Novice: 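First, the structure itself, so that you have it in front of you.
In what follows, every heavy atom counts, from backbone to side chain, and hydrogens, waters and symmetry copies are set aside. Only a predicted model underlies this, so the values are computations on that prediction, with no experimental measurement involved. Below, chain A is the first sequence line, B the second, and so on; all start at residue 1.
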There are 2 protein chains.
Amino acid sequence: MNQLESYISGYFGISNDSLSQVASMFEEESLSKGDYYVKAGRYCHKLSFLKSGYLRIFRQKEEKEITQWISGPDYFVTDLSTLIFQQTARWDIQALTDCQLYTLSNEAYKEMNRVVPDWPKLEKLFIAKCFLTLEDRVFSFLSMTAEERYNVLFEMNSDIFNQVPLLYLASMLGMTPETLSRIRKKALG
Amino acid sequence: MNQLESYISGYFGISNDSLSQVASMFEEESLSKGDYYVKAGRYCHKLSFLKSGYLRIFRQKEEKEITQWISGPDYFVTDLSTLIFQQTARWDIQALTDCQLYTLSNEAYKEMNRVVPDWPKLEKLFIAKCFLTLEDRVFSFLSMTAEERYNVLFEMNSDIFNQVPLLYLASMLGMTPETLSRIRKKALG
DNA sequence: GCACTGCCTTGATGTAGATCAAGAATAGAA
DNA sequence: TTCTATTCTTGATCTACATCAAGGCAGTGC
């Protein structure tokens, strides 16, 4: 059982025979550092599981690039409005490092409904979980200081600080690189 | 066709005969100002459509009540982790005004799978839409000032400022009541 | 009517975090 | 290696917003 299968198994709890069938519908893909997974305004009819590497989800806003999220190993990646609503992508998604992906093409994605009987239900659960995560994230902006947000991220995922440039993490945390630098000095020093 | 039916129709685009059947599974319910729809830690196996009135979704955090969201007429309300994952509620939900609801009980909610064949798919779409809204909300905290966030809310839903106490709106916008007061003074002349 | 309660406003002051600017460190490329 | 481009740090300053404190105005009950 590979990384993807064990994730799907653990997450969706589906039977073993459909598991390998599902996993086989994903195709390996790789991105080099700097490559785009998708660009805002284009279409991105695919869903990917990140085997290794880091992707940055961001959007341009008046000269600035705002990093909405950074995705690492063992996470799914997609632009939801494209995948679900067949609209153009809302986000730029770019590889911060070389990346290995398992990708479900649009055709394969549609096939899922046939192969996995309760696929819409599994999708629903998956998206609902993402929703809850975002709820917590909104709450963190409503109720925490920059330093507290840093601490939460660091405790949850300290690896990321060694893998991706801090300026993107700062943006994702809603602070400037200078502030993050000072917070880290205080926290690590 | 009542308010709920026209909403469901517009939103889910289901056939007319199943439409009335779906709508009939909701039961009317009312809350008085101050009543709780659900309390954090309890269970809330229900989904409601807000016919009239305003509900505040909030959570206690160190002496403070942080308002995550305020729901008004024509919106659905629930605590997702309870409805979908059968866990205890993550939020307190309280009526800010007297409220009229159409409520789908847990049993009726389960029935939906039988009555509406592609209910999980509709649910998926619904939750996905909520997810996109939350994404935008996170982005607003990453990229906008308090004043800009106020302007966006005001342009999108100015009614709300006449219907609910400003201190809750301030909290939901991530600022203090004093700051909101000053921003409004400036904005309204 | 008056008192009480809840909410909003206004002013004075404090501070977290932004901005600006200059180096230092690190990573890539030739 | 050396050159260049990023990224990270540090200090000085600024500002958006928070906090603290007082007063004003409803709305509600007696």
Novice: Do B:Arg59 and A:Phe139 meet the cation-pi criteria used here (NZ or CZ under 6.0 Å from the six-membered ring centre, within 45° of the axis)?
Specialist: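 Yes, a cation-pi geometry.
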Novice: Taking only Lys NZ, Arg NE, NH1 and NH2, and the carboxylate oxygens of Asp or Glu, determine whether B:Arg90 and A:Asp136 approach each other closer than 4.0 Å.
Specialist: yes
Novice: Using the rule given for ring pair (Phe, Tyr, Trp, His ring centres under 6.0 Å), can you reason through A:Tyr54 versus A:Tyr75, listing the C-alpha separation, both sets of side-chain angles and the distance that settles it, and then say yes or no?
Specialist: CA-CA 10 Å; A:Tyr54 287 86; A:Tyr75 277 87; 9.5 Å; no
Novice: Looking at the base of D:dC20, is there any donor atom on it, or on the side chain of B:Glu178, that sits under 3.5 Å from an acceptor on the other one?
Specialist: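 It does, because a donor-acceptor pair links the side chain of B:Glu178 to the base of D:dC20 below 3.5 Å.
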Novice: Rounded to whole angstroms, how far apart are CZ on B:Arg182 and C1' on D:dA16?
Specialist: 11 Å
Novice: For the side chain of A:Arg184 and the base of D:dT10, is some donor closer than 3.5 Å to an acceptor across the two?
Specialist: no
Novice: Please determine, for the side chain of A:Ala146, which listed nucleotide (C:dC7, D:dT7, C:dG17) has the closest atom?
Specialist: C:dG17
Novice: Between A:Leu166 (CG) and C:dA25 (C1'), how many Å, whole number?
Specialist: 13 Å
Novice: Using 30° and 60° as the class limits, which term best fits the ring planes of B:Phe126 and B:Phe76: parallel, tilted or perpendicular?
Specialist: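 Correct class here is perpendicular.
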Novice: Rounded to whole Å, how long is the line connecting atom CE of B:Met175 with atom C1' of C:dG17?
Specialist: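 Between C1' of C:dG17 and CE of B:Met175: 17 Å.
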Novice: With a 4.0 Å cutoff (strictly under), does any side-chain N or O of A:Thr179 reach OP1 or OP2 of C:dA18?
Specialist: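 Checking C:dA18 against A:Thr179, a side-chain N or O does come within under 4.0 Å of OP1 or OP2.
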Novice: Rounded to the Å, how far apart are A:Asn162 CG and C:dA27 P?
Specialist: 11 Å
Novice: Cut-off 3.5 Å, no hydrogens considered: what does the side-chain donor-acceptor table look like for residues 29-36 of chain B, sequence neighbours left out?
Specialist:
| from | atom 1 | to | atom 2 | distance (Å) |
| --- | --- | --- | --- | --- |
| B:Glu29 | OE1 | B:Thr103 | OG1 | 2.5 |
| B:Glu29 | OE2 | B:Lys46 | NZ | 3.4 |
| B:Asp35 | OD2 | B:Ser32 | N | 2.9 |

Novice: Return no unless some side-chain N or O of A:Lys185 is found under 4.0 Å from OP1 or OP2 of D:dT9.
Specialist: no
Novice: Please report, rounded to the nearest Å, how far the P atom of D:dA18 is from the CD1 atom of B:Ile66.
Specialist: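 Roughly 11 Å, once rounded to whole Å.
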Novice: What is the distance, rounded to the nearest whole Å, between atom CG of B:Leu180 and atom C1' of C:dC7?
Specialist: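 It is 12 Å, rounded to the nearest whole Å.
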Novice: Strictly below 4.0 Å: does B:Thr145 bring a side-chain N or O up to OP1 or OP2 of D:dA16?
Specialist: no
Novice: Indicate, with a heavy-atom threshold strictly under 4.0 Å, whether B:Lys64 touches base, sugar-phosphate, or nothing.
Specialist: sugar-phosphate
Novice: Examine D:dA18: is either OP1 or OP2 under 4.0 Å from a nitrogen or oxygen in the side chain of B:Thr176? Give yes or no.
Specialist: yes
Novice: Whole Å only: how far is the CG atom of B:Leu169 from the C1' atom of C:dC8?
Specialist: 13 Å
Novice: Please state how far atom CD1 in B:Ile183 lies from atom P in D:dT15, giving the value in whole angstrom units.
Specialist: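 Taking atom P of D:dT15 as the reference, CD1 of B:Ile183 is at 17 Å.
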Novice: If you look at every strand shown and take non-hydrogen atoms under 4.0 Å, does A:Gly174 touch a base, only sugar-phosphate, or nothing?
Specialist: sugar-phosphate
